[in-house]
Student: 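The structure under discussion is supplied below as structure tokens; questions concerning it will follow.
Numbers for residues simply follow the sequence, beginning at 1.
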Amino acid sequence: MSVRDPRTTKLPLQAKSPFELRVNLGRGIPESEVRAALAAGDMGFLHSFTTGSTVDGPGVRIVAWTTGCQFRCLYCHNPDTWTMSNGIPVTLSKATEELRKYRSGLKVMSGGFTLSGGEPLMQDRFAVKLFTAAQAMEIHTALDTNGSLGDRLTDSELKKIDLVLLDIKHTDPERHRQLTGMEPGPVLDFARRLATLKRPVWVRFVLVPGWTDDVECVGQIARFAASLGNVERVDVLPFHQMGRFKWKELRLDYKLTDVEPPSSEAVEQACAQFRAEGLKAY
Ligand code: SF4
């Protein structure tokens, strides 16, 4: 893999989809500059912008995919977003300009802006500033997060985000560690805090055969989500193999090669468990 000078890369910020493999686009920027930019939030690292999404929040959305993630989910379909320096360094004003281009269209399509990743709260100051800029343009905002860094945002910052798409991957600590490399506690604490603040949440749950599809696992997440009182809907996302090539290209050890996507019956059964707890599930 070649190392590009991030200041001269010709790769466009717009991508057809987040499944484009992108690496090393921010390498070469001095560490001190990166730290200062992240602390101030005046610059962020983005894998790409994509437009026209109908699965990352209400309506039709523009999505900014950040780089940097502390999880290592076995099923991650964008492992090139794990490393922050794989992203394109983007100033706040440039990112804001991208949003401005779509402002009228997003309104017409009852859509908005979603910040996803990677884990967007690895760049929490940039996230807050970009959401603030979006809201100043009256664009609906959504944060798609693994939830483990929620304590980086103050209550008033959280209240400014219109919707949180919260990934809940497993509630069992041991299985969560095996699946993601991280503890579930901070994620569940963040979910409870959002509930206390009465912030709208959509739960996202990836159904992975052999990992998260047993009745007990789905039931635990369904009961937890229902207990919160602020979960507007649950998206059951079937595991797929579209990111497998990235693991190969990045020479990462992909452990789910032999795992088939769940059947439509299995997805429907998981949805039914969420619905049985009084939640809307799709
Ligand atoms: S939290 Fe998301 S980006 Fe991070 S490893 Fe898991 S699936 Fe990938």
Student: Looking at every non-hydrogen atom in both residues, tell me the closest pair between Leu115 and Ala127 and how far apart they are.
Tutor: CD2-CB, 3.5 Å

Student: Does any N or O in the side chain of Gln123 come within less than 3.5 Å of the main-chain N or O of Phe45, such that one atom is a donor and the other an acceptor?
Tutor: yes

Student: Look at Lys160 together with Glu157 and state whether they make a salt bridge at an N to O cut-off of under 4.0 Å.
Tutor: no

Student: Look at Lys94 together with Glu98 and state whether they make a salt bridge at an N to O cut-off of under 4.0 Å.
Tutor: yes

Student: Could you give me the CA-CA distance, side-chain angles and deciding distance for Asp56 and Arg204, then say whether salt bridge (Lys or Arg N to Asp or Glu O under 4.0 Å) is met?
Tutor: CA-CA 10 Å; Asp56 296 294; Arg204 308 185 106 187; 3.2 Å; yes

Student: What pairs with Lys107 under side-chain hydrogen bond (donor to acceptor under 3.5 Å, both in side chains), at least two apart in sequence or on another chain?
Tutor: Glu138

Student: Hey, can you tell me if Tyr254 and Trp247 have their rings parallel, tilted or perpendicular (30° and 60° cut-offs)?
Tutor: tilted

Student: Is there a side chain to side chain contact (heavy atoms under 4.5 Å, CB included) between Leu207 and Phe239? Walk through the geometry before answering.
Tutor: CA-CA 6 Å; Leu207 192 68; Phe239 165 75; over 6 Å; no

Student: Ignoring hydrogens and geometry, is there a side-chain-to-backbone donor-acceptor pair from His176 to Met182 under 3.5 Å?
Tutor: yes

Student: With heavy-atom distances below 4.5 Å as the criterion, would you say the side chains of Asp214 and Gln220 are in contact?
Tutor: no

Student: Just wondering, do Met122 and Leu149 contact through their side chains at under 4.5 Å, heavy atoms?
Tutor: yes

Student: Under a 3.5 Å threshold, yes or no: a donor from one side chain and an acceptor from the other, between Ser53 and Arg61?
Tutor: no

Student: Output a table of donor-acceptor pairs, distance under 3.5 Å, between side-chain atoms of residues 272-282 and any protein atom two or more places apart or on a different chain; print 'none' if there are none.
Tutor:
residue : atom : partner : partner atom : Å
Gln273  : NE2  : Val215  : O            : 3.1
Arg275  : NE   : Ala281  : O            : 3.3
Arg275  : NH1  : Glu268  : OE2          : 2.8
Arg275  : NH2  : Ala281  : O            : 2.8

Student: Are Cys217 and Arg175 packed together at the side-chain level, in the sense that at least one heavy-atom pair is separated by less than 4.5 angstrom?
Tutor: no

Student: Is there a continuous path of hydrophobic side-chain contacts, each under 4.5 Å between heavy atoms, that joins Leu179 to Leu256?
Tutor: yes

Student: In Å and rounded to the nearest 0.5 Å, what is the CG to CE distance from Leu38 to Met43?
Tutor: 6.5 Å

Student: I would like to know whether Phe205 and Asp235 meet side chain to side chain contact (heavy atoms under 4.5 Å, CB included); could you show each step before the answer?
Tutor: CA-CA 6 Å; Phe205 168 63; Asp235 287 325; over 6 Å; no

Student: Which heavy atom of Thr81 sits nearest a heavy atom of Thr66, and at what distance?
Tutor: CB-O, 3.8 Å

Student: Is any side-chain N of the basic residue among Arg193 and Asp151 closer than 4.0 Å to the acidic one's carboxylate O?
Tutor: no

Student: Consider only side-chain N and O atoms of Trp65 and Thr50, and report whether a donor and an acceptor are under 3.5 Å apart.
Tutor: yes

Student: Answer with yes or no whether the side chains of Thr145 and Glu119 bring together a donor and an acceptor at under 3.5 Å.
Tutor: yes

Student: Before accepting this row, confirm whether a basic side-chain N of the pair Asp80/Lys246 lies closer than 4.0 Å to the acidic partner's carboxylate O.
Tutor: yes

Student: When clusters are formed by joining ILVMFWY residues with side-chain heavy atoms under 4.5 Å apart, either directly or through shared neighbours, do Ile139 and Ile161 land in the same one?
Tutor: yes

Student: Tell me whether Phe245 is reachable from Leu252 by hopping between hydrophobic residues (I, L, V, M, F, W, Y) whose side-chain heavy atoms are closer than 4.5 Å.
Tutor: yes

Student: Verify, without hydrogens or angle tests, whether Thr67 (side chain) and Met84 (backbone) share a donor-acceptor contact under 3.5 angstrom.
Tutor: yes

Student: In the structure I gave you, are the side-chain heavy atoms of Ser148 and Phe190 within less than 4.5 Å of one another anywhere?
Tutor: no

Student: Given 3.5 Å as the limit, does a donor-acceptor pair link the side chain of Lys159 with the main chain of Arg199, or not?
Tutor: no

Student: Assess whether atom NZ of Lys101 is packed by more than 12 heavy atoms of other residues, nucleotides or ligands within 6.0 Å.
Tutor: yes

Student: Mind checking whether Lys169 and Asn146 have side chains closer than 4.5 Å, heavy atoms only?
Tutor: yes

Student: Grouping I, L, V, M, F, W and Y whenever their side-chain heavy atoms are under 4.5 Å apart, do Leu197 and Leu121 come out in a common cluster?
Tutor: yes

Student: Once side-chain hydrogen bond (donor to acceptor under 3.5 Å, both in side chains) is applied, do any residues pair with Thr96, and if so which ones, sequence neighbours excluded?
Tutor: none

Student: Of the non-hydrogen atoms in Val218 and Ala270, which two are nearest, and what is the gap between them?
Tutor: CG1-O, 3.9 Å

Student: Walk me through it: do Phe113 and Val63 pass the test side chain to side chain contact (heavy atoms under 4.5 Å, CB included)?
Tutor: CA-CA 6 Å; Phe113 166 58; Val63 184; over 6 Å; no

Student: Which residue pairs pass the ring-ring contact (aromatic ring centres under 6.0 Å, His included) test with at least one member in residues 214-233, sequence neighbours excluded?
Tutor: none

Student: According to side-chain hydrogen bond (donor to acceptor under 3.5 Å, both in side chains), who are the partners of Glu260, at least two apart in sequence or on a separate chain?
Tutor: none

Student: Within a strict 4.5 Å, meaning less than it, do heavy atoms of the Leu228 and Arg192 side chains meet?
Tutor: yes

Student: When you compare the side chains of Ser116 and Asp144, does any donor N or O come within less than 3.5 Å of an acceptor on the partner?
Tutor: yes

Student: Asp162 vs His140, test: side chain to side chain contact (heavy atoms under 4.5 Å, CB included). Steps then yes/no.
Tutor: CA-CA 6 Å; Asp162 296 314; His140 178 277; 3.5 Å; yes

Student: Are Val206 and Leu165 connected into the same hydrophobic cluster when the rule is that any two of I, L, V, M, F, W, Y join if their side-chain heavy atoms are below 4.5 Å apart?
Tutor: no

Student: For side-chain hydrogen bond (donor to acceptor under 3.5 Å, both in side chains), just list the numbers for Ser156 and Thr154, CA-CA rounded to whole Å, side-chain angles, deciding distance to a tenth of an Å, and then say yes or no.
Tutor: CA-CA 5 Å; Ser156 60; Thr154 65; 3.3 Å; yes

Student: Compare every heavy atom of Pro261 with every heavy atom of His240, then report the nearest pair and how far apart it is.
Tutor: CA-CG, 4.5 Å

Student: Measure across Lys129 and Asp42 and return the closest heavy-atom pair with its distance rounded to 0.1 Å.
Tutor: NZ-OD1, 2.9 Å

Student: With the side chain counted from C-beta on, respond yes when Phe131 and Phe126 share a heavy-atom pair under 4.5 Å apart, and no when they do not.
Tutor: no

Student: With a 4.5 Å limit on heavy-atom distance, are the side chains of Phe71 and Cys76 in contact?
Tutor: no

Student: Which heavy atom of Leu130 sits nearest to which heavy atom of Ala95, and what is that distance?
Tutor: CD1-CB, 3.7 Å

Student: Does anything in residues 145-173 pair up under ring-ring contact (aromatic ring centres under 6.0 Å, His included), and if so which pairs, sequence neighbours excluded?
Tutor: none

